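Working notes, structure below.
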Amino acid sequence: NQSPLSPGSLPAVPPLPLLQALQVQAPGSRGWQAEPASGQPLRYMLNLYRHAADREGRPRHGRSLGTNTVRLVLASSHGDQSWAGRWYMQPLTYRLEGQPKAEHLLRATVVYLPNLPLARGRLLCALELAATGEAPGVLLSPATRPRHGWAEADVTPYLALGNGSVGSLALRHICVRAGRVGGHNAPVAPSHPFLLLYLNDTQAGLAPPAAEPHRHRR
Amino acid sequence: DTGTLAHDLPGYLREQGREKSDCSLRPFPVSFAQLGWDHWIIAPHRYNPRYCKGACPRLLRYDYHAPNHAVVQSFVHQLVDANVPRPSCVPYRYSPISVLMIERDGGILYKEYENMIAESCTCR
């Protein structure tokens, strides 16, 4: 039962990212929230990991994600799910404050299920950038063909991390039940879409993101 | 001595050969549970950082990537002053590993850390 490294036990010099991660991330350190992601977000990241690295964790040549850091962000608040007949709408907010300064955003996508088979019929879903006082809502179209049923919509233009101008991203998850309507109770709500941040962590000790010429940039 | 060595270097090297106790790369697979990190590291399940162990031979062959300084230090240890230690057997090249971990706020993070697996050894 190793006690997590207490900050005091580490050298005063800026610790290596791995030690820093240990210091910050290890359970028992300050601010550790209990509920880690599970279910579909976890399965998605495990698939992404297996695609990028072998069983011993060695990055697979030619399979690079094009960067050394990918962060999955869960929606921090889901407004009340509201069904109106066949329609379902849910506001989602992703908090982005406190991103480490050394992590520079390369790309950001929201991952969701555009087409969910139900016991009767199916659920067709889309994402919309929530309207604000200054700008109307924007329907987000998937940037890539769905893979294993998941679609990725690119939201990079709406996040200007780094200069801290964006503290959160507000979306609306909209679905409609297609096909014959089943019983009277509303079907299970679809899983919450999650945000993927593809970041280049510029700290020493992090593998350069596919910097070597022989690695193909996606 | 030096003259003899230099004169008969090829024979000396053949005779030297690679002793079992020579500086070489050895495995030591470890689980993140043994390191107490399994609470937050999801993958990989297996991690073999490997290590370098063994004596640096008296005459450093080219395959040790030893710098000239190590060759000189080895001669000094043998011919001048045994208090100057032989060169040490340390890793020479490394490779990165990718890690999947849980973040404090419940998110999931994929990171590639460099210099996490020793790939070869050298005498320095």
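Keep in mind that this is a model prediction, so the values were computed, not measured. Per chain, numbering begins at 1; letters A, B, ... match sequence-line order.
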Hey, what do you get for CG (A:N68) to CD (B:E114), rounding to the nearest 0.5 Å?
-> 9.0 Å

Under 4.5 Å, counting heavy-atom pairs only, tell me which of B:I117, B:I41, B:L100 racks up the most with chain A.
-> B:L100

Roughly how far, to the nearest 0.5 Å, is the CZ atom of B:R46 from the CG atom of A:D54?
-> 8.5 Å

In this structure, CZ of A:R71 is separated from CE of B:M101 (nearest 0.5 Å) by 9.0 Å

Residue B:D81 excluded, over 12 heavy atoms near CG under 6.0 Å | yes

Shortest non-hydrogen contact from B:Y110 to A:T67?
-> CE2-O, 4.4 Å

Structural part of B:S98 lying under 4.5 Å from a heavy atom of chain A | both

Taking atom CD of B:E103 and atom CG of A:L72, what is their separation to the nearest 0.5 Å?
-> 9.0 Å

Determine the minimum heavy-atom distance between A:R55 and B:P44, stating which atoms define it.
-> O-CB, 3.5 Å

Selection from B:N48, B:I97, B:I42 maximising heavy-atom pairs under 4.5 Å formed with chain A = B:I97

Take atom NE2 in B:H65; do more than 12 heavy atoms of anything else shown fall under 6.0 Å from it?
-> yes

Do you know which two heavy atoms are closest between A:R58 and B:S95, and how far apart they sit?
-> NH1-OG, 3.3 Å

CE (B:M116) and CD (A:E56) are apart, to the nearest 0.5 Å, by 12.5 Å

Go through the atoms of A:L196 and report whether side chain, backbone, both or neither lie under 4.5 Å from a heavy atom of chain B.
-> neither

